[in-house]
Amino acid sequence: MANYSVKSYTVQPVEGDDQIEVVIHAGDGSKWEYGIPFSRSSGRYMFEEIDVLRMDFGDEFADELAGKLDALVASLVR
């Protein structure tokens with residue numbers, strides 16, 4: 001069971017760096033911030049904290065976030 005609810009979140013590239021910024025605002029006022037490096041040559045990224053987010057916010061949110069990360073990285077490496 002999720003411990004928090006997502007109020008809002010953003011997933012965007014960091015200008016001038018091969019990194020994705022993820023900011024999550026929870027319903028209780030908490031804020032999570034992550035910088036996720038990625039490779040422009042391979043399109044790979046590593047975000048091990050997704051498992052923690054899965055426990056904190058639930059499977060549905062973690063899957064949605066992973067999908068947005070995949071799509072954004074794919075668009076950046078084209």
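Put simply, the residue from Leu53, Thr10, Val11 that forms a side-chain contact (heavy atoms from CB on, under 4.5 Å) with Ile24 is Leu53.
Note: Tyr45 OH to Ser39 OG = 13.5 Å, rounded to the nearest 0.5 Å. The distance from atom NE2 of His25 to atom CD of Glu33, rounded to the nearest 0.5 Å, is 7.5 Å.
Gln19 and Gly35 get closest at one heavy-atom pair: OE1-CA, 3.1 Å. When all heavy atoms of Lys68 and Tyr9 are compared, the closest pair comes out as CE-OH, 3.2 Å.
Side-chain contact between Leu65 and Val6 is absent, with no heavy atoms from C-beta onward closer than 4.5 Å. Between Arg44 and Val73, the closest side-chain pair of non-hydrogen atoms is not below 4.5 Å. Counting heavy atoms from C-beta outward, Ile20 and Leu76 have side chains that approach closer than 4.5 Å. The shortest distance between side-chain heavy atoms of Glu48 and Met46 falls below 4.5 Å.
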Between Val77 and Phe38, does a side-chain contact (heavy atoms from CB on, under 4.5 Å) hold up when you go through it step by step? CA-CA 9 Å; Val77 299; Phe38 68 94; 4.2 Å; yes
Subject >> Check against side-chain contact (heavy atoms from CB on, under 4.5 Å), Val22 and Leu69 >> reply: CA-CA 9 Å; Val22 174; Leu69 285 168; 4.0 Å; yes
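Between Trp32 and Tyr4, the ring-plane angle classifies as perpendicular under the 30° and 60° cut-offs.
The environment of Arg40 atom CZ is dense: over 12 non-hydrogen atoms of other residues, nucleotides or ligands sit within 6.0 angstrom. Shown here is Glu49, whose CD atom has more than 12 heavy atoms of other residues, nucleotides or ligands within 6.0 Å.
Under 4.0 Å is where a charged nitrogen must lie from a carboxylate oxygen, and between Asp28 and Lys7 no such pair does.
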